[in-house]
Engineer: 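Below are the structure tokens for one structure; questions will follow.
We count ligands from 1, going down the list as the structure has it; atoms in each ligand are counted the same way.
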Amino acid sequence: MTPPRQPARRRTAVLATVPVALAALLATTGAAAPDATGPAAPEAGGRAAPGTAGAPGAGDAYFPLSGNGGYDVRHYDLTLRYRPAARRLDGTAVLTARATQRLTRFDLDLSGLTVTRVTVDGRPARFTRDGRELVVTPRTARAKGRDFRVTVAYHGTPGPVTDPDGSADGWIPTDDGAFVAGEPQGAMTWFPANGHPRDKASYDFTLTVPRGRTAVANGVLLGQHTAHGETTFRWCQAEPMAAYLATATVGTFRTERYTTRDGIQVYNAVDPREARAAAPVLKKLPSVLEWESRLFGPYPFRAAGSLVDHAPDVGYALETQTRPVYDSAPDLGTLVHESAHQWFGDSVSLTAWKDIWLNEGFATYAEWLYSEQHGGPSAQKTFDALYARPARDGLWAYPPGDPGGGERLFGTPVYERGAMALHALRRAVGDRDFFRVLRAWADEHRGGHGTTAGFVGLAERTSGKRLKGLFDTWLYTRGKPDRA
Ligand code: ARG
Ligand code: ZN
């Protein structure tokens, strides 16, 4: 498979170093890769859905079979063993969920892998596979509003799914383990999930790998022990997390732990081949998080860190919750970007993928702000340089507010024009109200969800101005906007 040419979080970041090389801003989007997903049938495999069967999708226009209906996962307990040499994964997933309707049958998202046993509240349940759906029929119906526990035992040789933009997504084997990043749909390649960001849950991970390898997940490291040539790592992600932000990256890593002045527990894991290049950037994490906390409000999690792998074929980084995963040593702009996602995307999650600019536009704008406040070009200058691009430039190829699925989800208009929309808002309401809006957004939706309409409403309430026109122009109007 050819690696994606236009990685979502491109390697050549806007902020190569501080001060910013403006030339990097002028890097343009490559041509579109063919759509690898295609439209999906509303019903997986044409199954009829009687009133008491959970829907096979969460209703997302871009990923119709992502997530499921009829229940809400509250907690995932994942126990995984991975043997890199054989690329073999053995897993047990225990999901605690609440039925949101009477439920005679429900789906989980799972791609590939072999399921050997499913129980619901301890009793064996019937299950079938239907494409990327694992369909579970408990012995007796689950009552609406009640919690139930699903245990899935599975194994196999996990591999990634290919996204519409040609990126590999999910469990991506490397020469010493696996790079694990699931945006937008890769969680299902390594655990049975309710894989839409609308359903967030807490997680526990128990990860066993050969001695000498390290398995890094989200949240706080509770402990590790070695026995019989294997090491087991226990991780706890207490704050709610969308499935795509989970990781269980495995490799030969140098690790480091410390606690910041603010009491955040940092855990870094770095592939030795990337260590030299990564060190000066990772050192800045505490100061970047402090700076972002001043702008966006308190850091939303108790843990932080960086996971720097050597995965040359991946081509992107991901804001895995608490601990972004990088395919190689990140530059400072990328660290700032993935750190900003902890507020915008991770703590405040999408309700629908069409609102992706709420993640990527915000994280990109954080890079502009960082440059502005650290001796680089001002956000205005960055905005002007982008605005100077001709109308035929890829930046104006489609508006970012509902980009359409496919390869557009992580395209330049979403990142850069999304950031331009925020800059236009800042110009319209002034710095004081603009930063009040950002902080209120992070605060009011902390651990939850947001929508574009909700953001526009907040900006209008905070500033007392009518802003629908501004957002229509920047988010929804085709072509290059006229100068405001
Ligand atoms: N959210 C990531 C970033 O911009 C990009 C992930 C892209 N994933 C993909 N399958 N193309 O930081
Ligand atoms: Zn991003």
Side-chain angles (χ1 to χ4, degrees), residues 1-15 27 29-30 32-37 62-63 66 111 159-172 179-189 195 197 241-247 249 292 306-309 311 313-328 330-350 353 355-368 370 400 403 405-419 422:
M1 197 200 75
T2 50
R5 284 156 311 77
Q6 159 69 10
R9 167 61 223 180
R10 58 265 174 264
R11 272 222 188 85
T12 44
V14 171
L15 268 180
T29 318
D35 186 323
T37 308
Y62 294 1
F63 299 96
S66 172
S111 166
V161 288
T162 303
D163 290 328
D165 64 0
S167 306
D169 170 15
W171 191 278
I172 307 172
F179 178 98
V180 183
E183 190 183 26
Q185 46 177 352
M188 64 182 170
T189 68
M241 175 168 78
Y244 80 89
L245 296 169
T247 189
T249 292
E292 291 182 338
S306 305
L307 189 35
V308 182
D309 205 346
D313 291 341
V314 170
Y316 63 86
L318 180 67
E319 63 269 23
T320 37
Q321 189 156 307
T322 68
R323 190 166 294 109
V325 59
Y326 302 95
D327 63 334
S328 61
D331 55 36
L332 184 55
T334 304
L335 185 92
V336 168
H337 179 107
E338 306 309 339
S339 298
H341 272 310
Q342 302 305 311
W343 283 261
F344 307 116
D346 291 11
S347 174
V348 183
S349 291
L350 297 178
W353 285 109
D355 290 340
I356 185 68
W357 84 280
L358 290 173
N359 293 5
E360 302 305 346
F362 283 53
T364 302
Y365 198 65
E367 294 179 65
W368 299 11
Y370 192 87
E407 80 290 345
R408 292 179 164 193
L409 195 55
F410 299 106
T412 301
V414 170
Y415 284 68
E416 309 292 351
R417 184 168 161 179
L422 285 177

Engineer: Could you list which atoms of ligand 1 come closer than 4.0 Å to a heavy atom of Glu360?
Structural biologist: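 So the answer, numbered in order with elements, is 1 (N), 2 (C), 3 (C), 4 (O).
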
Engineer: Would you please name every residue forming a side-chain contact (heavy atoms from CB on, under 4.5 Å) with Val325, sequence neighbours left out?
Structural biologist: Phe179, Ala181, Thr249, Leu307, Leu318, Thr320

Engineer: Counting heavy atoms only, which part of Asn359 comes closer than 4.0 Å to ligand 1: side chain, backbone, both or neither?
Structural biologist: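 For Asn359, no heavy atom sits under 4.0 Å from ligand 1.
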
Engineer: Which option out of Tyr415, Tyr244, Tyr316 puts a heavy atom nearest to atom 4 (O) of ligand 1?
Structural biologist: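 When every heavy atom of Tyr415, Tyr244, Tyr316 is considered, Tyr415 comes closest to atom 4 (O) of ligand 1.
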
Engineer: Can you name the residues that form a side-chain contact (heavy atoms from CB on, under 4.5 Å) with Pro184, not counting sequence neighbours?
Structural biologist: Phe63, Asp163, Asp169, Trp353, Leu409, Phe410

Engineer: Which N/O/S atom belongs to His341 and is the closest one to the Zn ion (ligand 2)?
Structural biologist: NE2

Engineer: Do any nitrogen or oxygen atoms of Asp169 come within less than 3.5 Å of a nitrogen or oxygen of ligand 1?
Structural biologist: no

Engineer: Can you tell me if Glu183 uses its side chain to pair, donor with acceptor, with the backbone of Tyr244 under 3.5 Å?
Structural biologist: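 Checked: no pair found.
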
Engineer: How large, to 10°, is the angle at the Zn ion (ligand 2) when you draw lines to OE1 on Glu360 and to NE2 on His337?
Structural biologist: 110°

Engineer: Do Val161 and Gln185 come within less than 4.5 Å of each other through their side chains, counting heavy atoms only?
Structural biologist: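 Side-chain contact under 4.5 Å: yes.
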
Engineer: Would you mind running through ligand 1 and noting each atom that sits below 4.0 Å from a heavy atom of Asp163?
Structural biologist: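 Those of ligand 1 that fall under 4.0 Å from Asp163 are 9 (C), 10 (N).
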
Engineer: Please walk me through it: do His341 and Gln321 pass side chain to side chain donor-acceptor pair (under 3.5 Å)?
Structural biologist: CA-CA 9 Å; His341 272 310; Gln321 189 156 307; over 6 Å; no

Engineer: Would you say Tyr316's side chain and Ala168's backbone share a donor-acceptor pair under 3.5 angstrom?
Structural biologist: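 Flag set: sc Tyr316 to bb Ala168 pair under 3.5 Å.
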
Engineer: Please identify which atoms of ligand 1 are closer than 4.0 Å to at least one heavy atom of His337.
Structural biologist: 3 (C), 4 (O), 12 (O)

Engineer: Go through ligand 1 atom by atom and flag the ones less than 4.0 Å from a non-hydrogen atom of Glu319.
Structural biologist: 1 (N), 2 (C), 3 (C), 12 (O)

Engineer: When you measure from the side chain of Thr189 to the backbone of Trp171, do you find a donor-acceptor pair of N or O atoms at a distance under 3.5 Å?
Structural biologist: yes

Engineer: Heavy-atom pairs closer than 4.0 Å: do any link ligand 1 to the side chain of Ala317, the backbone, both, or neither?
Structural biologist: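 Near ligand 1, Ala317 shows its backbone, while the atoms from C-beta on stay back.
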
